[in-house]
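Values reported hereafter were calculated over all heavy atoms of this structure, with side chains retained and with hydrogens, waters and symmetry mates removed. Counting from 1, the numbers follow the sequence of the chain as shown.
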Amino acid sequence: MARRPLPRILSSGSAQIARSREIARSAADSATDVLHPLITVSRGLRKLAATARAKWAATPKERRGPTLLLVAACVLVVALMPYGPLLALVLLMGAAAWKGRERPVVKTGPDDTEIARLKGLYEALVPYFSVPEDPSPLFAHGGEWSGAFGEYAFDEDGRLTRLRIAYPPYFTDGEPAARARIEQLLHAKSGRGREYLFDWDEEGNRLVMSVLPALPTTIAAQRFVTVPGETVLGFTDADAVQRTVPVVAADGTEDAPAVVWRTGPRSTEPHLLAVGQPGSGTTSLLRSIALQALPHGDVLIVEGGGTGEYACLTGRDGVLAVECGLSGALATLEWAAHETERRLIAANRARQAGQPAPEDTRRPLWILLDRPSILGHLAAADGRPDPQELLQVPLRHGRAAQVTVVVAEQFDSVDTLSDSVRTHTRARVVLGPATPEQIAAVLGARPHTTPTPEVPAGRGYARLGTGPVLRLQVPATPDPYDDATSETHRQAVLELLPERRAIAAPAAPAVLVKAPPAPTAPPAPVSPPAVTASDTVSIAAAAVETVPGSAPEPAPAPRAEQDSGPAPFHTPVPAEG
């Protein structure tokens, strides 16, 4: 039997209904747009009336009569004023429009997406915060997440920015490995690429995770407000330190929280070790330290890389030497060891005589050694001693002799550092991308934040002695002779450089001139012949040969003469001459 087609009214009814609904919706939207001011004023009048009714209900009965009399007097005054009723109507409509305006909806709880994220994070923490023996576990599969998460916040992308977690008391929060597992899980589930701070409250069994803002990179090298013996390594979070330093940034002057390293006889961390990846900013850190040390002391720089990163300091006032070769580095460090001994002996003799220490022993001496592993490799190939062996005396007795040693090395060569460098460098800095294990191996403690895989130059962590691990951003101190340096940073570094020492031009070789002998009287028989004043010769100056097109080598650091006194602190060196 053939199927008969449906009537036309039944086949096209659904389309007509949909079209009618669309027309009605468009008409309602148009009417709403046209009548929106009237709707707003009506809503405002209703709210004003409700407010007036509430005020009238809250007014005591004995005050209602005077209130009505006052209102009637006001209405009478407005009615008798010129254009009074019109102005009152305009004011009433304006108040109603302001009262009836649409306000943004205040969010009182998480939406569906945020709830799903919190549930997923709760389920992920169940294996770590629950045990089978717990009769009423706080974390259980299919449990209620609101009992464990007391405080939470999300950003515009729906990712967690703050979370407060309550965990059971039997969780081993005192073990670093257990805490590291929780931090790694929260970091992975909350979103990578950001730096999180984990604040553990062992007494209250609470963990607060928050997202840290990036440290500013707009602070360049400048004169910091510090006293002699204080060095600004960089800047950190505002709640991590108690001291701020006024700085000039790209957006004006501000007070920035600074990581201040104190050196000198009373310092507990007299020497510093900086470790990082290539291009992480360890050389910029040493340049920043040198620029801050030059106004109050002398600087010796030994560059193992030989890339000329410290060429801007060559020949400056206060810079004793900038050595890049092995021979010059060995000679400079040997002089630094003798100078440390000389200062100790001189200070000891002055102390025994009841006199203050000599002035030349109180001026700070800074030894900056960049990439000593390269020089050690060259020394081993040449059969010469490792330059790090000459640092034993400055490292061991430098605090009493006002000698400070700063060593910078890369992660792939940390194992080549000597035991003296590892033992006496109690101030540590790690720059560049690094894993928590690498940071803990250098600083001696894990950071409270999660390191990010990509960081700008000069970003890392610092720890002074046994203090907390602090985030660090080194002030931008690039090489001013580098073409890639911006003009602003180049001028900032050049303004901090001391004046160059005046180098005297080589004198022309003098000619030995001998005056002709003057006639003398016959010698007396009993006395030898006397020498007259005419028999004089001029003193010849030393002739200096110069090679065209070659710059003169920097003068070696002055060598202190051996002083006959107490025995030195290491193997005696034969006296010169």
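Looking only at distances, a side-chain donor or acceptor of Arg428 sits under 3.5 Å from a matching main-chain atom of Val442. In this structure a side-chain-to-backbone donor-acceptor pair under 3.5 Å is missing from Asp237 to Ala240. Between the side chain of Gln388 and the main chain of Thr416, a donor-acceptor pair closer than 3.5 Å is present. Side-chain atoms of Thr361 come within 3.5 Å of backbone N or O of Pro358 as a donor-acceptor pair. The main-chain N or O of Thr268 is found under 3.5 Å from a side-chain atom of Arg426 such that the two form a donor-acceptor pair. With hydrogens and angles ignored, the 3.5 Å screen pairs a side-chain donor or acceptor of Ser130 with a backbone N or O of Val126. Judged by distance alone, the side chain of Gln292 and the main-chain N or O of Ile289 form no donor-acceptor pair under 3.5 Å. Asp157 places no side-chain N or O within donor-acceptor distance of the main-chain N or O of Arg159, the cut-off being under 3.5 Å. Between the side chain of Arg500 and the main chain of Asp317, no donor-acceptor pair closer than 3.5 Å is present. Between the side chain of Arg399 and the backbone N or O of Ser267 there is at least one donor-acceptor pair closer than 3.5 Å.
With rounding to the nearest 0.5 angstrom, the CZ atom of Arg117 is 11.5 Å from the CG atom of Leu163. Here the OG1 atom belonging to Thr425 is positioned 4.5 Å from the CG atom belonging to Leu273, to the nearest 0.5 angstrom. To the nearest 0.5 Å, atom CG of residue Leu285 and atom CG of residue Leu233 are 6.0 Å apart. For the atom pair Tyr481 OH and Cys312 SG, the distance stands at 6.0 Å (nearest 0.5 Å). For the atom pair CG of Asn348 and CD1 of Ile345, the computed distance is 8.5 Å after rounding to the nearest 0.5 Å. Going from atom CZ of Phe139 over to atom CG of Leu125 covers 5.5 Å, rounded to the nearest 0.5 Å.
Side chains of Arg194 and Tyr196: a donor on one and an acceptor on the other come within 3.5 Å. In the model, Tyr461 has a side-chain atom that pairs as donor or acceptor with a side-chain atom of Thr449 under 3.5 Å. Side chains of Gln491 and Glu487: a donor-acceptor N/O pair is present below 3.5 angstrom, by distance only. Side-chain contact annotation: Asp479 with Tyr310, donor-acceptor N/O pair under 3.5 Å absent.
For residues 280-309, every residue pair satisfying the salt bridge (Lys or Arg N to Asp or Glu O under 4.0 Å) rule, not counting sequence neighbours, is listed here: Arg287-Glu309, Asp298-Arg363.
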Run the side chain to side chain contact (heavy atoms under 4.5 Å, CB included) test on Leu207 and Ile182 for me, step by step, so that the C-alpha distance in whole Å, both residues' side-chain angles and the decisive distance to 0.1 Å come before the verdict. CA-CA 10 Å; Leu207 170 61; Ile182 300 299; 3.9 Å; yes
If you apply the rule side chain to side chain contact (heavy atoms under 4.5 Å, CB included), what do you find for Leu431 with Arg459, and how did you get there? CA-CA 6 Å; Leu431 298 180; Arg459 179 73 55 80; over 6 Å; no
List the steps and the verdict of salt bridge (charged side-chain N to carboxylate O under 4.0 Å, His left out) for Glu339 and Arg343. CA-CA 6 Å; Glu339 174 66 12; Arg343 291 187 174 203; 3.0 Å; yes
Applying salt bridge (charged side-chain N to carboxylate O under 4.0 Å, His left out), run through Lys119 and Glu114 and close with a yes or a no. CA-CA 9 Å; Lys119 286 184 177 179; Glu114 296 172 352; over 6 Å; no
Given Leu470 and Val241, is the side chain to side chain contact (heavy atoms under 4.5 Å, CB included) satisfied, shown in steps? CA-CA 9 Å; Leu470 306 174; Val241 294; 3.9 Å; yes
Begin with the C-alpha distance, continue with both residues' side-chain angles, and end with the deciding distance and a verdict on salt bridge (charged side-chain N to carboxylate O under 4.0 Å, His left out) for Arg362 and Glu359. CA-CA 5 Å; Arg362 290 182 293 176; Glu359 186 65 26; 2.7 Å; yes
Audit row: Gln402, Leu365, side chain to side chain contact (heavy atoms under 4.5 Å, CB included) steps and yes/no: CA-CA 6 Å; Gln402 293 280 0; Leu365 175 62; over 6 Å; no
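Taking both residues in full, the closest heavy atoms of Pro176 and Gly174 are given as CD-O, 3.6 Å, listed atom of the first, atom of the second, then distance. In plain terms, the two heavy atoms of Thr404 and Pro270 that are nearest each other are CG2-O, 3.1 Å. Nearest heavy atom pair, residue Ala293 against residue Val299, reads CB-CG2, 4.2 Å. For Leu375 against Ala329, the heavy-atom pair with the smallest separation is CD1-CB, 3.9 Å. Closest non-hydrogen pair, Arg422 versus Val414, comes out as NH2-O, 2.7 Å. Considering every non-hydrogen atom in both Val275 and Gln410, the closest pair reads CG1-C, 4.1 Å.
The side-chain heavy atoms of Ile165 and Phe129, taken from C-beta on, include a pair separated by under 4.5 Å. For the pair Phe224 and Val260, the minimum side-chain heavy-atom distance is 4.5 Å or more. Asp255 is not listed as a side-chain neighbour of Val245, based on a closest heavy-atom distance of 4.5 Å or more. Annotation: side chain of Ser373 is in contact with side chain of Arg371 (closest heavy-atom distance under 4.5 Å). Taking 4.5 Å as the limit, some side-chain heavy atom of Phe198 sits within range of a side-chain heavy atom of Met209. Residues Arg316 and Glu499 fail the side-chain proximity criterion, which asks for heavy atoms closer than 4.5 Å. Annotation: side chain of Arg384 is in contact with side chain of Leu330 (closest heavy-atom distance under 4.5 Å). Here the side chains of Phe235 and Pro216 are not in contact, with every heavy-atom distance at 4.5 Å or above.
With a 6.0 Å radius and a threshold of 12 heavy atoms from other residues, nucleotides or ligands, Glu454 has its CD atom at or below the threshold. In this structure, His296 places its NE2 atom where more than 12 heavy-atom neighbours from other residues, nucleotides or ligands lie under 6.0 Å away. The number of heavy-atom neighbours closer than 6.0 Å to CD of Gln184, taken from other residues, nucleotides and ligands shown, is 12 or below. Annotation for Asp412: atom CG counts as buried by contact number, over 12 foreign heavy atoms lying within 6.0 Å.
Using a 4.0 Å cut-off between charged nitrogen and carboxylate oxygen, Glu230 and Arg243 count as a salt-bridge pair. Remark: Arg262 does not engage Glu269 in a salt bridge, criterion side-chain N to carboxylate O under 4.0 Å.
Leu472 pairs in a side chain to side chain contact (heavy atoms under 4.5 Å, CB included) with only one of the listed residues (Val430, Thr236, Val429), which is Val429.
Residues Tyr167 and Trp200 place their aromatic rings such that the two centres sit under 6.0 Å apart.
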